[in-house]
There are 2 protein chains.
Amino acid sequence: MTDAPLSLRERKKRATRAALSEAALRLAAEHGAEHVTVEAISDAVGVSPRTFFNYFDSRDDAFTMIDAESAQRVRDAVMAAPPAVSALDAVTGALADELAQLGARQDVWALHAEVLRRSPDLLARTMGAHMADELELAAAIARRVGARRDGAARDGAARDGASPDLYPHLLAAAAGTAVRVSVEHWSRHAGEEPLPAVFRGACAHLAAGLPDPPTGA
Amino acid sequence: MTDAPLSLRERKKRATRAALSEAALRLAAEHGAEHVTVEAISDAVGVSPRTFFNYFDSRDDAFTMIDAESAQRVRDAVMAAPPAVSALDAVTGALADELAQLGARQDVWALHAEVLRRSPDLLARTMGAHMADELELAAAIARRVGARRDGAARDGAARDGASPDLYPHLLAAAAGTAVRVSVEHWSRHAGEEPLPAVFRGACAHLAAGLPDPPTGA
DNA sequence: TCACGCGTTGCAGTGTATGAAAATCTGGAG
DNA sequence: CTCCAGATTTTCATACACTGCAACGCGTGA
């Protein structure tokens with residue numbers, strides 16, 4: 001699948017990108033992100049500052065774009081889930097799988113969390129990027145939902161008066177919210193509970209309709 | 001209520017800020033946000049570029065920070081709601097009120113929506129700012145639910161292991177999600193349905209636990 | 001009116017980001 | 001081995017974003 005014969009060129013490109021990203025994270029964790037210049041990152045890797053911008057559209061991207069393909073994997077998983085599975089379960093399942101496999105690059109993500117904790121600007125930017133992903137996830141959900149009830153009405157297209165495409169966007173956004181809140185909570189209580197478990201708990205709350213605080217009712 | 005006797009200085013300051021914000025929005029809607037320089041905005045208002053940065057920490061803030069006090073009003077409303085009202089209802093009610101009164105500056109918000117539609121960067125930034133608001137809203141919710149059950153630690157979700165403050169954050173985030181999705185949906189289908197109605201619908205979906213695609217309703 | 005406080009302005013300097021052309025490298029063809 | 005074609009990196013130039021500093025001018029209260 002990902003075993004295309006990587007040319008030397010491609011390998012060097014990926015190495016450079018990874019080196020830039022890691023250097024940025026390391027320097028930011030040490031000195032604070034706002035005091036890390038593009039020049040410093042480039043020097044640490046041994047390339048020119050101009051090259052940095054060949055890999056990242058902005059300085060902050062080096063801090064925020066850790067795994068660019070993650071969103072695509074989730075979308076593919078959602079689309080590939082068996083038709084018997086509800087859209088809600090397909091989305092939560094795909095996200096849970098992704099979060100579970102996140103432990104692999106644990107060192108990098110720990111740095112990432114440390115950097116975000118120290119600079120709210122970057123945290124906001126990261127969340128904003130996640131929201132952009134949500135819009136594409138919503139499109140995937142819409143295709144899935146549309147395919148599931150294609151049997152009866154073939155015209156299909158929106159004439160539903162009130163909410164033709166509200167549900168996919170809402171589900172995607174809610175799922176993103178669950179991920180975000182879970183990660184925040186998880187990083188606040190440094191690893192008391194495994195991330196997937198926290199995520200499942202958040203999804204349970206949401207699926208129950210946010211009934212009420214742990215008090216009665 | 002908020003009619004403290006504004007000094008001439010204060011009035012001028014607010015006028016300048018509003019003028020800068022409006023000019024920024026108008027220029028961005030016309031030429032695209034990325035082609036609008038600080039100098040252009042300042043010239044349109046008749047102040048120096050340096051003064052612009054006395055009002056906004058960054059150029060993008062002029063596009064995104066339309067109403068800085070909105071979040072504060074929502075927090076106050078949540079805290080002021082009668083104890084008999086559930087936290088969920090208090091939050092949704094406060095947000096619905098805020099959204100209802102949003103029609104007042106409708107022209108400004110229409111410009112805002114147009115700008116965000118054309119530049120995803122700013123949309124991401126806006127969402128990030130909303131998320132920062134959500135954290136403070138979560139704190140307000142935590143105080144509220146904490147006050148309601150003073151001392152009596154009860155069962156409920158406490159058996160999820162470690163979830164002392166997951167619920168407030170989740171509720172705040174879900175509420176923010178409902179607002180965001182509603183506004184997006186509302187601006188996509190330019191005003192077919194009043195925004196508060198869309199918001200109520202989104203909340204209904206969430207309160208029902210995202211059951212499944214809306215097959216008919 | 002006068003002086004003080006506060007906001008505004010010009011200026012210098014740092015850092016981000018982009019386009020273009022020159023220099024360098026990679027993967028092959030002859 | 002040599003040389004070429006395409007891709008990548010670098011150098012150079014330029015525009016814009018943003019910040020501290022010092023001077024200036026207008027509201028504000030005595």
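Letters A, B, ... are given to chains in the order of the sequence lines, protein chains preceding strands, and every chain is numbered from 1.
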When we call it a touch if two heavy atoms are under 4.0 Å apart, what does A/Arg59 touch: a base, just sugar-phosphate, or nothing? sugar-phosphate
Between C1' on C/dG10 and CG on B/Asp43, what's the gap in Å once rounded to a whole number? 14 Å
If you count the non-hydrogen atoms of other residues, nucleotides and ligands that lie under 6.0 Å from CD in B/Glu98, is the total more than 12? yes
Mark yes or no: B/Arg17 above the aromatic ring of B/Phe56, with NZ or CZ under 6.0 Å from the six-membered ring centre and no more than 45 degrees from the axis. yes
Touch check for A/Asn54, heavy atoms < 4.0 angstrom, all strands: base, sugar-phosphate only, or nothing? base
Whole-Å distance separating the CG atom of B/Leu20 from the C1' atom of D/dC18: 16 Å
Under 3.5 Å donor-acceptor pair, B/Arg11 side-chain atoms to D/dG27 base atoms: no
Hey, does the side chain of B/Ser7 come within less than 4.0 Å of D/dT28's phosphate (OP1/OP2), counting only N and O? yes
Given atom CZ of A/Phe53 and atom P of D/dT11, what is their separation to the nearest angstrom? 15 Å
Identify which nucleotide among C/dA17, D/dA17, D/dT9 has an atom closest to any side-chain atom of A/Thr51, counting heavy atoms from C-beta outward. D/dT9
What is the distance from CD of B/Glu34 to C1' of C/dT16, rounded to the nearest Å? 16 Å
Nearest-Å distance for atom pair CD/P, residues B/Glu39 and D/dC18: 14 Å
On DNA chain D, nearest-nucleotide positions of B/Asp60 versus B/Lys12: which is more 5'? B/Asp60
Rounded to whole angstrom units, what separation is found between the CZ atom of B/Arg17 and the P atom of C/dC6? 19 Å
Assess whether a salt bridge exists between B/Arg73 and B/Asp67, defined as any Lys/Arg side-chain N lying under 4.0 Å from an Asp/Glu carboxylate O. yes
Under 4.0 Å, counting only non-hydrogen atoms across every strand here, what does B/Tyr55 touch: a base, just sugar-phosphate, or nothing? sugar-phosphate
Please determine, for the side chain of A/Arg9, which listed nucleotide (D/dC12, D/dG6, C/dT8) has the closest atom? D/dG6
Proximity to the side chain of B/Leu8 - top-ranked nucleotide from C/dA20, D/dT28, D/dC16: D/dT28
Testing C/dC25, C/dG15, C/dG7 for proximity to the side chain of B/Lys13, the answer is C/dG7
Polar side chain donor-acceptor pair, A/Thr64 to A/Thr126, under 3.5 angstrom: no
Mapping A/Ser58 and B/Glu10 to their closest nucleotides on DNA chain C, which lands nearer the 5' end? B/Glu10
With a 3.5 Å cut-off and just heavy-atom distances, do the side chain of B/Arg50 and the base of C/dG7 make a donor-acceptor pair? no
So does B/Arg125 pair up with B/Asp61, basic N to acidic O under 4.0 Å? yes
What is the distance, to the nearest angstrom, from the CZ atom on B/Phe56 to the C1' atom on D/dC16? 18 Å
Separation of atom CZ in A/Phe52 from atom P in D/dT8, rounded to whole Å: 18 Å
